[in-house]
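What follows is a set of notes on a single structure, which appears directly below.
Numbered from 1 within each chain, the chains take letters A, B, ... in sequence-line order.
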2 protein chains.
Amino acid sequence: MTSGSPMKLDAVTKPVGFACDDHASCVVDGLSAAEARCASNGLRFTPVRRKVLEILLQEHRALGAYVILDRLRDEGFGSQPPVAYRALDFLVRNGLAHKIERLNAFIACAHPGENHAPAFMICRLCDSVAEAQSAPAQGALGAAARATGFKIERTVVEAEGVCPSCSDTAASEATDSGSATSEARG
Amino acid sequence: MTSGSPMKLDAVTKPVGFACDDHASCVVDGLSAAEARCASNGLRFTPVRRKVLEILLQEHRALGAYVILDRLRDEGFGSQPPVAYRALDFLVRNGLAHKIERLNAFIACAHPGENHAPAFMICRLCDSVAEAQSAPAQGALGAAARATGFKIERTVVEAEGVCPSCSDTAASEATDSGSATSEARG
DNA sequence: GTCCTCCATGTGATCTTATAACGTTTCAAA
DNA sequence: TTTGAAACGTTATAAGATCACATGGAGGAC
């Protein structure tokens, strides 16, 4: 994750997660966006909720509720499951975080404030998760829904595969065929 | 589910699940398709596996592993979790069943034999689930994947909403405004 | 046929994920 | 300052999933 790619996509359509340029700003920006959002919507952005969001923002991957709970305990917050689940529920309800169903884990929203149908790309090698926009109602699923009369309220779109970084690693390892020039991967 | 709709869509693209015309045939056809598939692929379609698929085929909704396990016990099979999970794993690996991630539950595949990227429509009122085809790589998700260099290997596409049957019920209840003419829903 | 191996099954234990229930605290509006 | 809703802390337990190890049966090698 020592990227330096000059590529810069439009903020709205940019898939966020793989290769972020300035990770510190992810956390700071994410927290202030959340703060603003809660203030303008009359929501209480309490210490636990803030801390959980901060924990999520610190990684571009999904964290299980019990991992979050451990970190909360380390920070002096309550250490029982409902503490984490309630905060996560708040964040998810208000569009500040998402649940990755495939992993039973949670990730900070990369586009807070925008009304969106998120889609996720999950790397099965390094566990990183990137968020993109989806438009499931416009594709085959939408057609099927219209054909049957099903009313879509919410969609889960998650792709599992290999992220560009791991893909490069795998490719160079295959080339080197055994000699380990590239960095190790957990 | 007292359908009589004459609508008949192409077998391949037809979303299966809501309003099936002949439910007995779902089970029979599903089992024989599975049998044929296993025979031709050298897979062992053992009694437990067959029974689990039969249990799944009996409903157009997703069943939790422990519900399946209960039914297995009733039929004289082993009653420990691995019994159900192993059979489910076999069915999922071989395309005879799918896991609905959103529900942590399982459903029989409606298009066995076809190589497909399934999409599901989940009714939040009656829990019925219909399977349709998706083409996630052709939409916004595919574009995002190509843009970032992510290699999609598998996709989860699940829509949550209201099925046509429940939609009708809700509409007529709203019209009747309190008087209960339509059938009750558990 | 006998042995042997692989795969499937049975079972107990354990781990992970998630929620119910209930009392206490906080906060802001009346 | 009262009061009511929302948030929090904690205990207990439900629900989902896997580990580890012993047993059993089908099919190939000999």
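Nucleotide C:dT17 holds its C1' atom 12 Å from the CG atom of A:L88, rounded to whole Å. Spacing between atom CZ of A:F106 and atom C1' of C:dT16 amounts to 13 Å, rounded to whole angstrom units. B:N104 places its CG atom 10 Å from the P atom of D:dT18, with the value rounded to the nearest Å. The CG atom of A:L72 sits 12 Å away from the P atom of D:dT10 (whole-angstrom rounding). One interatomic measurement links the two molecules: CZ of B:F77 to P of C:dG10, which rounds to 8 Å at whole-angstrom precision. Here C:dC27 presents its C1' atom at 15 Å from CG of A:L43, a figure rounded to the nearest Å. We find that CD of A:Q80 is positioned 17 Å from P of C:dC22, with the value rounded to whole Å. In this entry the distance linking CZ of A:R44 with C1' of C:dT25 reads 10 Å, nearest Å.
Judged by distance alone with a 3.5 Å cut-off, a donor-acceptor contact links the side chain of B:R86 to the base of C:dG10.
Checking D:dA17, C:dA18, D:dA20 against the side-chain heavy atoms of B:K99 singles out D:dA17 as nearest.
Comparing B:G64 and A:G76 along DNA chain D, the residue whose closest nucleotide (by nearest heavy atom) sits nearer the 5' end is A:G76. Nucleotides of DNA chain D nearest to A:Y66 and A:R49 differ in position, and the one nearer the 5' end is that of A:R49. Remark on DNA chain C: of its neighbouring residues B:P82 and B:V48, the 5'-side contact belongs to B:V48, judged by nearest-heavy-atom nucleotide.
Checked by atom type and distance alone, the side chain of A:S79 never pairs as donor or acceptor with a backbone atom of A:R73 at under 3.5 Å. Remark: side-chain polar atoms of A:R44 are not paired, donor with acceptor, to backbone N or O of A:C38 under 3.5 angstrom.
No side-chain donor from either of A:H23 and A:Q58 sits under 3.5 Å from a side-chain acceptor of the other.
OP1 or OP2 of D:dC8 has at least one side-chain nitrogen or oxygen of A:T46 nearer than 4.0 Å.
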Decide salt bridge (charged side-chain N to carboxylate O under 4.0 Å, His left out) for A:E158 and A:R102; before the verdict, give the C-alpha distance in whole Å, the side-chain angles of both, and the deciding distance to 0.1 Å. CA-CA 7 Å; A:E158 297 170 1; A:R102 173 80 182 139; over 6 Å; no
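The minimum heavy-atom distance between A:L91 and A:L53, with the atom names listed, is CD1-N, 3.9 Å.
C:dT19 has no base stacking with the ring of A:Y85 when judged by centroids under 5.5 angstrom apart and an interplanar angle below 30°.
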